[in-house]
Amino acid sequence: MFRTQTADDGDELLARLGGLTARARELAAMQRSRVELAVALQRGMLPHDLPQPAGVRLAVGYMPANHGLNVGGDWYDAFTMPDGRIGLSIGDVQGHNIQAAAFMGQVRVGLRALASVTGDPGELLTRTNELLLSLGADLFATCTFLRLDPATGVLECARAGHIPHIWATADGRSGIDEGECGPPLGVLEGAEYPVVCHRLTTDGVVVLLTDGVVEGPSLSLDEGLRRVMRLAEITTAAGLGINSLAGGVMRLADTVGHEDDAAVLILGHDSAAGDARPAHAAGHGGGEKGPGERGDGSGRGDGPGPSRGRSGPPGV
């Protein structure tokens with residue numbers, strides 16, 4: 001025997017469907033608000049101004065994760081240290097939520113604060129690691145920190161579980177710096193971070209990246225690094241400038257099929273330049289121009305040669 005539906009049954013079903021639809025819309029709006037808040041938090045913690053010492057050029061690109069409900073914790077930073085040298089950092093926090101974005105701010109601020117106590121990149125990462133462990137956070141971060149002496153071109157680098165950086169010179173050389181690396185920040189007590197030294201050469205570049213630029217479903221990390229290396233080699237040898245290189249790197253980030261943040265920080269050094277100014281590259285595929293964009297896109301940078309060592313900078 002079949003039960004005969006009444007008009008009241010239909011009205012009740014429609015009312016339930018309406019309630020479920022309204023609840024789904026409410027939850028979606030709440031999640032969108034959380035993602036927007038996290039993205040705003042990320043952008044608010046990135047530097048609005050970059051150092052402008054004579055002979056140094058900087059370019060950045062940044063694209064927050066805005067696919068689906070993901071939001072990450074990538075950052076870049078550059079600032080003048082108490083001794084006049086330039087500190088540069090780039091990093092990536094584990095996770096894709098508002099907690100990751102907030103933790104990113106803690107790491108970046110911690111690095112800046114501790115840089116007033118010690119300028120050595122290895123010791124700086126060690127102290128930052130201890131600070132994060134003392135906070136008892138459940139998250140960790142990978143990071144590369146560099147210290148540049150604009151007067152001499154000496155560049156000291158330490159890495160905490162972060163992907164290697166890339167260098168290219170005007171005479172057509174390029175490479176991936178795969179020197180020693182310590183563990184991520186906030187993981188292991190007593191961790192040490194070896195320091196690698198370079199000396200920048202005229203009209204070359206150093207390219208710092210997060211893995212969202214070079215790794216994803218459509219691209220392996222090794223192949224992504226090789227593509228950036230080739231791009232840096234061609235752009236630098238042609239003298240196209242670090243703005244062009246930063247734009248090209250961010251276009252590459254569009255092709256990896258990732259759901260992660262993407263950040264790039266490019267350093268150039270020219271001892272003969274007296275009007276070097278930092279430049280910001282626009283993020284593509286939903287990214288925006290970096291804060292405080294300046295420069296005419298014609299700045300040229302200098303990168304390190306391939307030699308490296310713990311005890312002191314190599315000859316060029």
Side-chain angles (χ1 to χ4, degrees), residues 39 42-52 56-67 70-79 86 88-93 101 104 108 142-144 146 162-168 176 204-216 218-219 221 224-225 227-236 240-268 276-301 303:
V39 170
Q42 284 176 297
R43 292 194 176 280
M45 290 181 180
L46 295 176
H48 294 280
D49 294 296
L50 301 177
Q52 304 181 56
V56 174
R57 291 181 172 85
L58 299 174
V60 299
Y62 180 72
M63 202 162 47
N66 52 15
H67 299 277
N70 286 338
V71 61
D74 288 17
W75 84 87
Y76 63 84
D77 198 8
F79 56 94
I86 306 300
L88 304 104
S89 71
I90 194 165
D92 183 0
V93 173
M104 174 267 284
R108 176 176 168 259
T142 66
C143 175
T144 294
L146 288 83
H162 201 68
I163 63 173
H165 52 276
I166 291 164
W167 58 267
I176 300 171
V205 295
V206 177
V207 184
L208 306 177
L209 306 158
T210 59
D211 57 8
V213 177
V214 291
E215 183 180 30
S218 303
L219 192 66
L221 176 60
L225 288 172
R227 290 188 185 184
V228 174
M229 181 183 71
R230 181 61 175 159
L231 180 61
E233 177 184 314
I234 294 172
T235 304
T236 304
L240 297 179
I242 58 176
N243 282 355
S244 296
L245 176 55
V249 170
M250 295 309 293
R251 285 190 290 274
L252 172 64
D254 268 346
T255 69
V256 304
H258 63 79
E259 295 184 357
D260 197 2
D261 293 349
V264 59
L265 172 60
I266 302 177
L267 166 68
R277 304 175 69 187
H280 293 74
H284 295 267
E288 299 177 2
K289 293 184 179 180
E293 178 167 354
R294 64 182 73 224
D296 59 5
S298 61
R300 299 175 61 190

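Minimum heavy-atom separation, Gly224 to Leu219: CA-CD2, 3.5 Å. Across every non-hydrogen atom of Gly241 and Thr235, the tightest pair is O-CG2, 3.7 Å. In terms of heavy atoms, Ala263 sits closest to Val213 at O-CG2, 3.4 Å. Annotation for Ala59 and Asn243: closest pair CB-OD1, 4.0 Å, computed over non-hydrogen atoms. Nearest heavy atoms, Ala253 versus Gly212: CB-O, 4.3 Å. Heavy-atom minimum distance, Leu58 versus Ala78: CD1-CB, 3.8 Å.
Contact annotation: the side chain of Leu267 approaches that of Val56 to within less than 4.5 Å [non-hydrogen atoms, C-beta and beyond]. For the pair Ile90 and His162, the minimum side-chain heavy-atom distance is below 4.5 Å. Side-chain contact between Leu240 and Leu245: absent, with no pair of heavy atoms (C-beta onward) separated by less than 4.5 Å. At least one side-chain heavy atom of Trp75 sits under 4.5 Å from a side-chain heavy atom of Val93. The closest side-chain heavy-atom distance from Leu50 to Val60 is below 4.5 Å. By the 4.5 Å heavy-atom criterion applied to side chains, Arg57 and Val205 are not counted as neighbours.
The side-chain contact (heavy atoms from CB on, under 4.5 Å) test with Thr144 is passed by exactly one of Ile163, Leu208, Leu88: Leu208. For the pairing with Val207, the side-chain contact (heavy atoms from CB on, under 4.5 Å) check across Ile166, Leu265, Leu225 returns one residue only, Ile166.
A distance of 13.0 Å separates CD1 of Ile234 from OG of Ser244, quoted to the nearest 0.5 Å. Atom-to-atom distance recorded for Met229:CE and Ile176:CD1 is 5.0 Å, nearest 0.5 angstrom.
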### Message
Checking Asp261 against Asp92 for the side-chain contact (heavy atoms from CB on, under 4.5 Å) test, could you report, in this order, the C-alpha distance in whole Å, the side-chain angles of both residues, the deciding distance, and whether it holds?
### Response
CA-CA 8 Å; Asp261 293 349; Asp92 183 0; 6.0 Å; no

### Task
Any chance you could lay out the side-chain contact (heavy atoms from CB on, under 4.5 Å) test for Val214 and Arg227, step after step, and finish with the verdict?
CA-CA 8 Å; Val214 291; Arg227 290 188 185 184; over 6 Å; no

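The main-chain N or O of Leu252 is found under 3.5 Å from a side-chain atom of Thr255 such that the two form a donor-acceptor pair.
Looking at Asp74 and Thr210, their side chains do bring a donor and an acceptor atom within 3.5 Å of each other.
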